[in-house]
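Take a look at the structure below.
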Amino acid sequence: MSCADCHQPNQAFQDGIALNKGLNVLHRNTSSLINIGHRPWYGWGGEHDSLWSQSIRPMLAATEMHTDISTLKATLEQDAYFQCAFRQTTQQTLQDLSEEAFLITLGKLLASYQETIRTGKSPFDRYRDQLLKQDASTPALSISAQKGLKLFVGEGRCVFCHSGPNFTNGEFGDIGVPFFTNNDQSVDKGRYQGIQSLRKDPYNLLGKYNDDPSKNNALRTQHLQTLHRNWGEFKVPSLRNVAQTAPYMHNGSIETLADVIDFYSELNEERLHADGEKILRPLHWSQEEKTNMADFLTSLSGKVKSATENKILFRQCFLD
Ligand code: HEC
Ligand code: HEC
């Protein structure tokens, strides 16, 4: 099993399945890895505070790849190409590293690759550039998508949570998606459990493997508090290339983008967390407004690029 079995490069680095199986059935939808660098938290509940520690988890998790450090290291020590590429990248030899130091390095290598997974300009970005330059040529967005954008930043209040270059504030919210899991009706406590896991994680940024000697990047983790409102909150997902990442939500419970728009339009206010999202309210959009919103969301897709093609970097290792 590889990371790419679930994070498929030709599917915006996710899998298009509501709940995939690793060695066991997962209870969360596979996240897309596009533009994944530089987020404050990782995982639907923010179980990790760095891309490298999040990348270690699937290798060890019983539900995902379920290996252990010794087996992993012993297997890779048999692989001449990997050894050579590892040496060229890290200036270290596998054999010289302790099992733990090896695992951390592997996490950091996986993270540096994932940081190369980026999207190019979308029609929305081109439209924004046109506005900035007061460019009067044909708008990159259709009239319908422009109306959708107005709803997004206006009446819909979507931008309150889906803000910034990745259309996420990087934090957590409860928009009323059920938190019972499909598999066994246990409860996914979301951010509440996420904070507790993060605190216990020996590889969080407060630990000794954080490369930043000032530890400034650990301040967020240091000041985290578990609040009652975190119960049932999930990560605000990025909306970049969202038209390519169905099905939606932490549990993959909403099949299409049109269904997500219906969900927001007919939101169940009673269901929303008691002290939760006061910003959200049912919008009761007309069919036309729903189409506008769908056209806007679809305009957020750009070409997905990554360094996958760079096998040539280690050509010397193939020749040896
Ligand atoms: C069996 C399927 C599966 C495999 C294999 C897998 N992942 Fe994932 N990945 C997921 C799921 C499901 C999530 C969401 C998990 C959660 O939030 O608890 C996820 C989340 C992530 C995230 C967090 C994304 C975010 O937006 O916070 C990263 C990063 C990631 N995976 C990287 C990897 C890497 C690197 C590998 C290989 C070492 C890997 N994954 C292997 C299914 C998989
Ligand atoms: C209060 C914060 C908040 C507001 C406001 C908000 N969202 Fe969300 N959005 C979220 C959260 C949190 C999720 C994930 C919920 C889950 O999985 O349980 C989400 C999920 C989504 C998804 C699914 C993405 C995916 O990859 O699964 C789409 C699409 C979306 N929102 C669009 C919108 C639109 C359109 C609006 C405005 C009408 C909006 N959101 C307003 C917080 C918010």
Side-chain angles (χ1 to χ4, degrees), residues 1-7 12-15 17 19-37 39 41-48 50-61 63-67 106-107 109-111 113-114 117 148 151-153 155-163 167-179 188 190-191 194 197 232-243 245-254 257 259-261 263-265 267 272 276-281 283 285 293-294 296-297 300:
M1 186 184 295
S2 79
C3 312
D5 286 347
C6 298
H7 301 285
F13 287 85
Q14 47 94 56
D15 50 23
I17 306 174
L19 298 174
N20 206 337
K21 287 193 194 69
L23 291 181
N24 275 298
V25 181
L26 303 174
H27 65 278
R28 287 179 176 174
N29 181 249
T30 303
S31 308
S32 162
L33 300 184
I34 55 176
N35 307 311
I36 195 66
R39 304 276 175 91
W41 315 109
Y42 294 91
W44 281 105
E47 289 78 11
H48 296 277
S50 72
L51 187 51
W52 63 264
S53 60
Q54 167 72 48
S55 301
I56 290 173
R57 197 214 57 204
M59 298 190 278
L60 308 181
T63 47
E64 294 178 58
M65 302 159 107
H66 203 191
T67 184
L106 202 53
L109 289 173
L110 285 164
Y113 163 64
Q114 292 170 88
I117 306 173
L151 292 172
F152 191 86
V153 298
E155 176 192 304
R157 307 188 192 181
C158 315
V159 77
F160 192 90
C161 302
H162 297 283
S163 57
F167 297 86
T168 169
N169 57 9
E171 291 296 327
F172 302 83
D174 176 5
I175 59 168
V177 177
F179 38 71
D188 186 338
R191 185 57 174 150
S197 307
E233 281 187 335
F234 293 90
K235 176 187 67 183
V236 177
S238 161
L239 299 182
R240 288 254 170 214
N241 289 43
V242 70
T245 63
Y248 300 102
M249 305 301 172
H250 73 272
N251 54 6
S253 60
I254 302 191
L257 212 44
D259 295 334
V260 175
I261 295 167
F263 172 88
Y264 277 107
S265 187
L267 217 55
L272 288 180
E277 312 301 354
K278 299 277 192 286
I279 330 141
L280 282 167
R281 58 207 160 147
L283 299 156
W285 278 333
M293 182 53 81
F296 166 67
L297 291 174
L300 302 179

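Heavy-atom basis, side chains included; hydrogens, waters and symmetry copies ignored. Remember, it's 1-based here, ligands and their atoms both numbered in the order they're listed.
Among the atoms of Cys3, no N, O or S atom is found under 2.8 Å from atom 8 (Fe) of ligand 1. Residue side and main chain included, Cys158 places no N/O/S atom under 2.8 Å of atom 8 (Fe) of ligand 2.
The nearest heavy-atom contact from the protein to atom 31 (N) of ligand 1 is His7 NE2, 3.0 Å. Among protein heavy atoms, atom 18 (O) of ligand 1 sits closest to Arg28 NH1, 2.9 Å. For atom 25 (C) of ligand 1, the nearest protein heavy atom (residue, atom name, distance) is Lys235 NZ, 3.1 Å. If you check which protein heavy atom lies closest to atom 27 (O) of ligand 1, you get Gly43 N, 2.7 Å. Taking atom 15 (C) of ligand 1 as the reference point, the nearest protein heavy-atom neighbour is Arg57 NH2, 3.9 Å.
Among Tyr264, Phe160, Phe263, the residue whose heavy atom lies nearest to atom 39 (C) of ligand 2 is Tyr264. By heavy-atom distance, the residue among Phe179, Phe152, Phe234, Phe172 lying nearest atom 12 (C) of ligand 2 is Phe234.
Distances below 4.0 Å separate heavy atoms of Gly173 from the following atoms of ligand 2: 12 (C). Close contacts between ligand 1 and Met1 involve ligand atoms 5 (C) [criterion: under 4.0 Å to a heavy atom]. For ligand 1 and Gln114, the ligand atoms under 4.0 Å from any heavy atom of the residue are 29 (C), 32 (C), 35 (C). For ligand 2 and Trp44, the ligand atoms under 4.0 Å from any heavy atom of the residue are 17 (O). With ligand atoms numbered from 1 in the order given, ligand 1 contributes 27 (O) to contacts under 4.0 Å with heavy atoms of Tyr42. The distance from ligand 2 to the heavy atoms of Val177 drops below 4.0 Å at these ligand atoms: 16 (C), 18 (O). Atoms of ligand 2 found under 4.0 Å from any heavy atom of Val260 (numbered from 1 in listed order, with element): 28 (C), 29 (C). Set against the non-hydrogen atoms of Leu33, the atoms of ligand 1 under 4.0 Å away are 22 (C), 28 (C), 29 (C), 30 (C). Residue-ligand proximity, Arg157 to ligand 2, at heavy-atom distances under 4.0 Å covers atoms 5 (C). The ligand atoms of ligand 2 that sit less than 4.0 angstrom from a heavy atom of Trp285 are 38 (C). Here is the list of ligand 2 atoms found below 4.0 Å of a heavy atom in Leu239: 28 (C), 29 (C), 30 (C). Close approach to Asn29 involves these atoms of ligand 1, each under 4.0 Å from a residue heavy atom: 12 (C), 14 (C). Taking a cut-off of under 4.0 Å to the non-hydrogen atoms of Ile279, the atoms of ligand 2 that pass are 1 (C). Short contacts between ligand 1 and Leu51, defined as distances under 4.0 Å to a heavy atom of the residue, involve ligand atoms 29 (C). In summary, the atoms of ligand 1 found under 4.0 Å from a heavy atom of Glu64, numbered by their order in the structure, are 3 (C), 4 (C), 6 (C), 7 (N), 42 (C), 43 (C). Below 4.0 Å from some heavy atom of Cys6 lie the following atoms of ligand 1, by number and element: 1 (C), 2 (C), 3 (C), 4 (C), 5 (C), 42 (C), 43 (C).
In Asp15, neither the side chain nor the backbone holds a heavy atom less than 4.0 Å from any atom of ligand 1. Looking at Gln54 against ligand 1, only its side chain comes within 4.0 Å, counting heavy atoms. With a 4.0 Å cut-off on non-hydrogen atoms, Ile36 touches ligand 1 through its side chain and not its backbone. Only side-chain heavy atoms of Leu280 come within less than 4.0 Å of ligand 2; its backbone N, CA, C and O stay farther off. When heavy-atom distances to ligand 1 are checked against a 4.0 Å cut-off, Gln14 has no atom that comes that close, whether in backbone or side chain. The proximity of His162 to ligand 2, defined as any non-hydrogen pair under 4.0 Å, is limited to the side chain. Under 4.0 angstrom from ligand 1, the non-hydrogen atoms of Ser2 all belong to its backbone. Contacts of Asn251 with ligand 2, taken as heavy-atom pairs under 4.0 Å, are absent altogether. Of the heavy atoms in Pro58, only side-chain atoms (C-beta onward) come closer than 4.0 Å to ligand 1. When heavy-atom distances to ligand 1 are checked against a 4.0 Å cut-off, His250 has no atom that comes that close, whether in backbone or side chain.
Smallest separation of non-hydrogen atoms from Val236 and Asn169: CG2-OD1, 3.6 Å.
A salt bridge links Arg57 to Glu64: one of the charged nitrogens lies within less than 4.0 Å of a carboxylate oxygen.
In the model, Asp15 has a side-chain atom that pairs as donor or acceptor with a side-chain atom of Thr30 under 3.5 Å.
By the 4.0 Å heavy-atom criterion, Thr30 is counted among the residues contacting ligand 1. Using a 4.0 Å heavy-atom cutoff, Leu26 is listed among the residues neighbouring ligand 1. The closest approach between a heavy atom of Leu19 and any atom of ligand 1 is not below 4.0 Å. Between His48 and ligand 1 there is no heavy-atom distance shorter than 4.0 Å.
Side chains of Leu280 and Tyr264 form a contact here, defined as non-hydrogen atoms less than 4.5 Å apart. Side-chain contact between Trp52 and Leu110 is absent, with no heavy atoms from C-beta onward closer than 4.5 Å.
Between Tyr248 and ligand 2, no pair of N/O atoms sits closer than 3.5 Å. At a 3.5 angstrom cut-off on N or O pairs, Glu47 does not count as close to ligand 1.
Using the six-membered ring where Trp is involved, Phe296 and Phe167 have ring planes that are perpendicular, over 60° apart on the 30 and 60° scheme.
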